[in-house]
S.K.: 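Sending over a structure as structure tokens; questions will come in a sec.
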Amino acid sequence: ITRDVYLYSTPSDYIKDFFFTTTSLKSGNTAAAAKVQYSISAEDVTGMTLQTTISDGANELSQMSKELTAASGTQTISIEGIEAWSAENPKLYDLTLALMRGEEVIDLRSCKIGFRTVGIRNDGALLINGKRVIFHGVDRHDFSQETGRTVSREEMLQDVMTMKRLNVNAVRTSHYPNNAYFYELCDKYGLYVLAEADVECHGNMGLSSVELFRAPMVERNERHVRTFRNHACIFGWSGGNESGGGNNFQYVMEAIKKLDTSRITHYEGNSTWSDVTSTMYGSYGSMLSTGVSRLKDYKSGKKPRPHVQ
């Protein structure tokens with residue numbers, strides 16, 4: 001065991017899962033439309049309400065209650081007077097969900113959120129909050145020079161602060177999910193994260209074409225998305241690393257999109273089914289060639305995909 005392990009208990013009726021998404025930014029990114037998808041574990045939700053609150057410290061910005069008629073659903077939110085989250089301005093807010101029966105609070109869940117959108121322009125530019133972004137990124141292994149795969153919070157903070165000091169604005173969690181605390185730091189201090197799933201077939205890349213391995217590859221990506229999708233820092237999901245170009249990745253990308261359409265998808269080994277293409281360690285010549293080719297596509301009326309280098 002190299003990371004924290006914890007147990008927790010819940011009441012018999014509880015908030016099983018929730019997912020916050022910014023659907024659009026408005027008024028110069030000072031207002032937003034958002035939604036919270038939720039799932040309640042209860043035999044009967046009759047008489048229950050779900051109260052959704054967004055606050056900035058002690059300042060309550062939005063609160064609404066929804067009478068539940070089903071165990072899962074969506075709460076839409078319209079909010080003003082906010083700041084958009086970005087690597088340069090990592091503004092966070094508190095989202096609190098309260099499951100109530102009458103005046104009684106049955107269950108309470110909370111997390112940090114950021115108002116942030118990811119999009120692709122017609123010319124292939126990758127947009128964060130409607131503006132083109134250029135990544136100055138690095139790969140990071142969750143590893144300590146002193147204790148190996150057990151990484152302290154202080155070491156993770158040191159990594160993040162070093163990146164910020166060196167003008168790094170993006171990081172790929174190569175090649176597996178990192179310690180959960182690392183994403184909290186990226187939210188807080190401002191780093192764009194390409195979150196990579198624990199899928200690597202380095203010794204036998206043909207496995208990505210073997211149907212027997214399809215379900216495990218999909219499951220690892222689904223759990224990855226469900227675990228970390230409320231983090232504002234994550235702009236994209238990487239389906240894995242160096243696992244060949246098999247069509248199992250078609251099912252991986254489809255599974256990711258069923259869970260989250262608000263971010264881009266990525267896989268370098270075969271980007272046929274991804275939102276972006278990429279070359280991790282390309283030369284200047286290959287970068288120039290890709291750029292010229294995409295520009296040609298755009299001028300001919302096509303919508304090129306962004307290329308992540």
Side-chain angles (χ1 to χ4, degrees), residues 1-6 8 17-22 29 34 54-57 82-97 109-118 126 128-129 133-198 220-221 223-238 241 260 262-264 266 280 308:
I1 297 175
T2 58
R3 293 181 181 174
D4 295 337
V5 176
Y6 62 91
Y8 68 97
D17 192 19
F18 65 94
F19 176 30
F20 172 86
T21 311
T22 305
N29 293 349
I54 296 176
S55 56
D56 183 7
I82 56 96
E83 297 176 39
W85 186 97
S86 67
E88 297 76 25
N89 182 45
K91 178 63 178 178
L92 294 173
Y93 297 88
D94 295 302
L95 170 68
T96 303
L97 302 182
R109 302 298 169 100
S110 182
C111 74
K112 295 288 185 181
I113 59 166
F115 294 96
R116 189 263 309 117
T117 61
V118 179
L126 184 60
I128 302 291
N129 302 332
V133 63
I134 296 177
F135 296 124
H136 302 279
V138 296
D139 291 344
R140 177 186 180 272
H141 278 282
D142 210 20
F143 194 84
S144 166
Q145 63 182 355
E146 301 292 338
T147 55
R149 298 200 179 278
T150 299
V151 186
S152 70
R153 291 192 167 203
E154 291 75 19
E155 288 172 306
M156 285 184 270
L157 176 60
Q158 184 180 23
D159 280 356
V160 169
M161 299 309 291
T162 299
M163 292 181 211
K164 295 293 290 185
R165 187 166 59 250
L166 296 175
N167 204 33
V168 169
N169 70 351
V171 59
R172 177 172 65 136
T173 61
S174 53
H175 304 291
Y176 41 80
N178 279 198
N179 187 300
Y181 184 62
F182 180 72
Y183 303 89
E184 294 179 22
L185 291 173
C186 292
D187 283 340
K188 180 178 180 180
Y189 291 102
L191 284 171
Y192 297 120
V193 175
L194 180 60
E196 194 153 87
D198 185 17
R220 288 189 177 197
N221 275 274
R223 291 188 174 191
H224 184 215
V225 173
R226 286 194 174 102
T227 300
F228 295 111
R229 60 184 176 178
N230 282 316
H231 285 283
C233 63
I234 297 175
F235 74 91
W237 302 110
S238 177
N241 180 67
D260 182 10
S262 68
R263 296 175 170 95
I264 58 98
H266 162 275
M280 286 299 133
V308 178

S.K.: Is there a salt bridge (charged side-chain N to carboxylate O under 4.0 Å, His left out) between K112 and D94 once you walk through the steps?
M.R.: CA-CA 5 Å; K112 295 288 185 181; D94 295 302; 2.9 Å; yes
S.K.: For H266 together with W237, are the ring centres under 6.0 Å from each other?
M.R.: no
S.K.: Could you check whether any side-chain N or O of T150 sits under 3.5 Å from a backbone N or O of T2, counting only pairs where one atom can act as donor and the other as acceptor?
M.R.: yes
S.K.: Hey, could you give me each pair passing side chain to side chain donor-acceptor pair (under 3.5 Å) that has a residue in residues 181-190? Not counting sequence neighbours.
M.R.: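 Sorted pair list: D187-H231.
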S.K.: Among R172, R3, R149, find the one that has a salt bridge (charged side-chain N to carboxylate O under 4.0 Å, His left out) with D142.
M.R.: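 Among R172, R3, R149, the one meeting salt bridge (charged side-chain N to carboxylate O under 4.0 Å, His left out) with D142 is R3.
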S.K.: Evaluate the criterion side chain to side chain contact (heavy atoms under 4.5 Å, CB included) for residue pair I113 and I54; output intermediate values, then yes/no.
M.R.: CA-CA 9 Å; I113 59 166; I54 296 176; 4.2 Å; yes
S.K.: Does any pair with a residue in residues 152-177 pass ring pair (Phe, Tyr, Trp, His ring centres under 6.0 Å), and if so which ones, sequence neighbours excluded?
M.R.: H141-H175, H141-Y176
S.K.: Does any N or O in the side chain of S238 come within less than 3.5 Å of the main-chain N or O of A195, such that one atom is a donor and the other an acceptor?
M.R.: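 Checked: no pair found.
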S.K.: Is D17 salt-bridged to R226, cutoff N-O under 4.0 Å?
M.R.: no
S.K.: Does the side chain of E83 pick up a donor-acceptor pair with the side chain of N89 at under 3.5 Å?
M.R.: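 Checked: E83/N89 side chains pair up, N/O donor to acceptor below 3.5 Å.
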S.K.: We want to know whether N129 and R116 form a side-chain donor-acceptor pair, criterion being a heavy-atom distance below 3.5 angstrom.
M.R.: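 No donor-acceptor contact under 3.5 Å links the two side chains.
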S.K.: Run L194 and T173 through side chain to side chain contact (heavy atoms under 4.5 Å, CB included) and show every step you take.
M.R.: CA-CA 7 Å; L194 180 60; T173 61; over 6 Å; no
S.K.: Any cation-pi pair here, R263 with F235, using under 6.0 Å and within 45°?
M.R.: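 Judged by the rule (NZ or CZ under 6.0 Å from the ring centre, within 45° of its axis), R263 is not positioned above F235.
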S.K.: Centres of the F20 and F115 rings: under 6.0 Å?
M.R.: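 Yes, they do, as the ring centres are separated by less than 6.0 Å.
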S.K.: Quick one: do the S144 and E155 side chains pair a donor with an acceptor below 3.5 Å?
M.R.: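 Per modelled atom types, S144 and E155 side chains form a pair under 3.5 Å.
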